Amino acid sequence: MAELAIAEQHTVHEYLQALRTAGILTHSYVDEVTASLPISCLSYDSREIEGTALFIVKGAHFEPRFLRAAIAQGAVAYVAERALENVLTPAIIVSDIRLAIVVLGRLFYNQVTDDLLTVGITGTKGKSTTAYFVRDIMRRWLASSGKPGPALLSSIKNFDGGEEEESHLTTPEVLDLYRHFARAKAAGIKHVVMEVSSQALKYGRVRDMRFAVAAFTNISEDHISPIEHSDFEDYYTSKLKIFDAADVAVINADADLAERTISYARERCRVVTYGSREGADVLCPSESIQHTSEGTHFTVRCSAYGTSTWTITMPGLFNVSNALCAIAICEQLGVPEEFVRSGLIAARVPGRMELFHSGDKSVAVIVDYAHNKLSYEALFDSLAHEYPNWPIIAVFGSTGGKALDRRVDLPSVASRYCAHIYITEEDNYSEPFASIAADIAAHTSVPYTIDDDREACIRAAIMDWPGRHVVALLGKGVETTRARGTQYVHMPTDAEYALRFLDEYDTAHKLM
């Protein structure tokens, strides 16, 4: 990341006072000279330490050598929940390190999140597509008056005024999040569109932030594991927290638990609903949805834009719901209808329902990030409707070490639709592939192949099946890395593999 100059620096004494005001300062072993020093660097990564720095001790993987390295690089004090033995550097001891990071980060970055208008989007599925819809709409609207932006923080890409960067977290860690906001502000950007994960809400990454609009797309079981959410209730109630700091809530009235979600939000902010049920503020009757070769057309009724027909050109009938969410958000932001319409028509999401064909149109390849039960149900149901009687071949894996429920849900859903499933590598982290694959296979009820070589699986899915068929490449989208252990290994994207093997298919069938 490019260097970012902090306009106003604060002293160690000011950081101590902020922690004291927050009620989490337990002990301070800081001398007067150190307390007077202005801090130019704040980090929990010893590799980032430079200048006069405060180092934050956090995480299950922390080792004392990280602190020693930070001190060698210029850390004048460290912040932790307990004092470390044999360390003479001044220590600041707090009762809650997660909250301390928020308090310290907000002061270091001069409350920068208060300076930008932020749209936050949460839900089990649809976050990325809705965020891109809103981003593309707002980009056209702002450009019409010569303004930059908006910034985008998503599970696919991040943009804060410079180059787009591939994302590894749905919502960045606290200091990374503030850094993105600070870069956006420095670039003259006034708006941020961001996905907000259940983990970010549960563990306070967006604590003390304000959302001009907070959207809730839907809810279904996901991220249930010993290191994420203990059960569905914990997952769901974590997501509800987005409304604790919202001015307006935009909620899918068709979603499971919609009434409970709406009730929770109404106690905290103004609520706008969208969906197919009569009474929704942004209403789209299900019978009005029509799919053609030019796109999907649907009728929308809402107060700002009246009643008329709208169009999206992204594949997937379920994207109508994401479009309604984007319409509702933009209505609340005062975006003129012309920009909402043109933005939805032009919007594309990298790695979301990207469609590729062989030369004779007999092989259709869909690349999508789908990775949970709800997204699988929506995607496969859409494929079954759009490609009736075509065999579906799926290629997917599951994340190592977490979201263990997916190993039951994904193959169970896919088995209802697929002729064959290739179980392959996704992001294994530190868990052996064989363990992940065995769990998935145990819940697969159609013929399957296990092979950790994702490239070979994609080739076989495209090349080895006679006649017309649909290949669904799921989970990785256009990500350029795979997580192995603690490393991210660079790999071609699923889209690149699809194009490569479709070319091979065309050559083999003399379609070039």
Side-chain angles (χ1 to χ4, degrees), residues 293 314-316 348 350-371 375-376 379-398 410-428 433-434 436-438 440-441 443-482 484 489-512:
S293 58
M314 271 194 66
R348 292 292 181 275
R352 283 291 185 202
M353 290 299 290
E354 290 205 64
L355 176 62
F356 307 93
H357 283 107
S358 60
D360 61 1
K361 305 296 184 183
S362 66
V363 182
V365 181
I366 297 289
V367 175
D368 195 84
Y369 281 103
H371 58 272
S375 59
Y376 264 47
L379 182 141
F380 282 117
D381 185 64
S382 184
L383 291 182
H385 280 88
E386 295 180 42
Y387 296 91
N389 302 317
W390 286 44
I392 300 174
I393 315 301
V395 179
F396 63 86
S398 191
L410 304 191
S412 298
V413 174
S415 294
R416 299 204 307 264
Y417 294 89
C418 293
H420 194 94
I421 293 172
Y422 289 88
I423 302 169
T424 192
E425 179 188 25
E426 195 164 304
D427 288 316
N428 298 341
F433 169 73
I436 302 170
I440 296 172
H443 299 280
T444 302
S445 58
V446 296
Y448 63 85
T449 300
I450 295 177
D451 189 343
D452 65 352
D453 187 337
R454 193 175 182 96
E455 177 181 1
C457 289
I458 293 173
R459 183 185 185 279
I462 292 173
M463 297 290 296
D464 292 356
W465 292 85
R468 63 185 189 179
H469 60 284
V470 180
V471 177
L473 309 181
L474 305 177
K476 292 297 289 179
V478 292
E479 290 180 8
T480 61
T481 61
R482 283 179 225 159
R484 293 174 177 168
V489 180
H490 284 275
M491 295 283 183
T493 68
D494 281 1
E496 290 170 330
Y497 283 138
L499 291 170
R500 180 191 304 174
F501 297 125
L502 284 171
D503 282 345
E504 183 178 338
Y505 177 95
D506 288 348
T507 300
H509 291 79
K510 297 181 172 55
L511 300 173
M512 301 297 287

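Values below: all heavy atoms of this structure, side chains included; hydrogens, waters and symmetry mates excluded. Model, not experiment: these values are computed from the prediction.
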> Can a salt bridge be assigned to the pair Lys476 and Asp427 using a cut-off of 4.0 Å between side-chain N and carboxylate O?
Replying inline: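 Yes, this pair counts.
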Looking at [X] and [Y], what are the two nearest heavy atoms and their distance?
X: Trp465; Y: Ala460; value: CD1-O, 3.6 Å
X: Ser358; Y: Leu502; value: N-CD2, 3.8 Å
X: Pro391; Y: Arg468; value: CD-O, 3.3 Å
X: Ala456; Y: Asp451; value: CB-OD2, 4.0 Å
X: Glu479; Y: Thr493; value: O-CG2, 3.5 Å
X: Ala472; Y: Leu383; value: CB-CD1, 4.3 Å

>> I'd like to know if the side chain of Asp506 reaches the main chain of Gly359, judged simply by a donor and an acceptor atom lying under 3.5 Å from each other, with no hydrogens or angles considered.
In response: yes
>> Main chain of Gly467, side chain of His469: is a donor-acceptor contact present, judged purely on distance under 3.5 Å?
In response: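 Yes, because the side chain of His469 sits within donor-acceptor range (under 3.5 Å) of the backbone of Gly467.
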Please tell me if the side chains of [X] and [Y] come closer than 4.5 Å, counting only heavy atoms from C-beta onward.
X: Asp494; Y: Glu354; value: no
X: Tyr448; Y: Ser415; value: no
X: Glu455; Y: Phe501; value: yes
X: Val367; Y: Tyr497; value: no
X: Tyr505; Y: Asp360; value: yes
X: Tyr387; Y: Ile392; value: no
X: Val446; Y: Tyr417; value: no
X: Asn428; Y: Arg484; value: no

Measuring from atom [atom1] of [X] to atom [atom2] of [Y], what distance do you get when rounded to the nearest 0.5 angstrom?
X: Leu473; Y: Ile462; atom1: CG; atom2: CD1; answer: 6.0 Å
X: His509; Y: Ser362; atom1: NE2; atom2: OG; answer: 7.0 Å
X: Arg500; Y: Arg459; atom1: CZ; atom2: CZ; answer: 11.0 Å
X: Phe380; Y: Leu410; atom1: CZ; atom2: CG; answer: 9.0 Å
X: Thr444; Y: Ile421; atom1: OG1; atom2: CD1; answer: 4.5 Å
X: Arg482; Y: Thr424; atom1: CZ; atom2: OG1; answer: 7.0 Å

> By ring-ring contact (aromatic ring centres under 6.0 Å, His included), which residues pair with Tyr369, not counting sequence neighbours?
Replying inline: none
>> Suppose we screen for ring-ring contact (aromatic ring centres under 6.0 Å, His included). Which residues come up paired with Tyr422, at least two apart in sequence or across chains?
In response: His420
> CZ of Phe433: more than 12 outside heavy atoms within 6.0 angstrom?
Replying inline: yes
> Have Tyr376 and Ser412 got a donor and an acceptor in their side chains that come within less than 3.5 Å?
Replying inline: no
>> With side chain to side chain contact (heavy atoms under 4.5 Å, CB included) as the criterion, how do Ile366 and Met353 come out once you've worked through the C-alpha distance, each side chain's angles and the decisive distance to 0.1 Å?
In response: CA-CA 6 Å; Ile366 297 289; Met353 290 299 290; 3.9 Å; yes
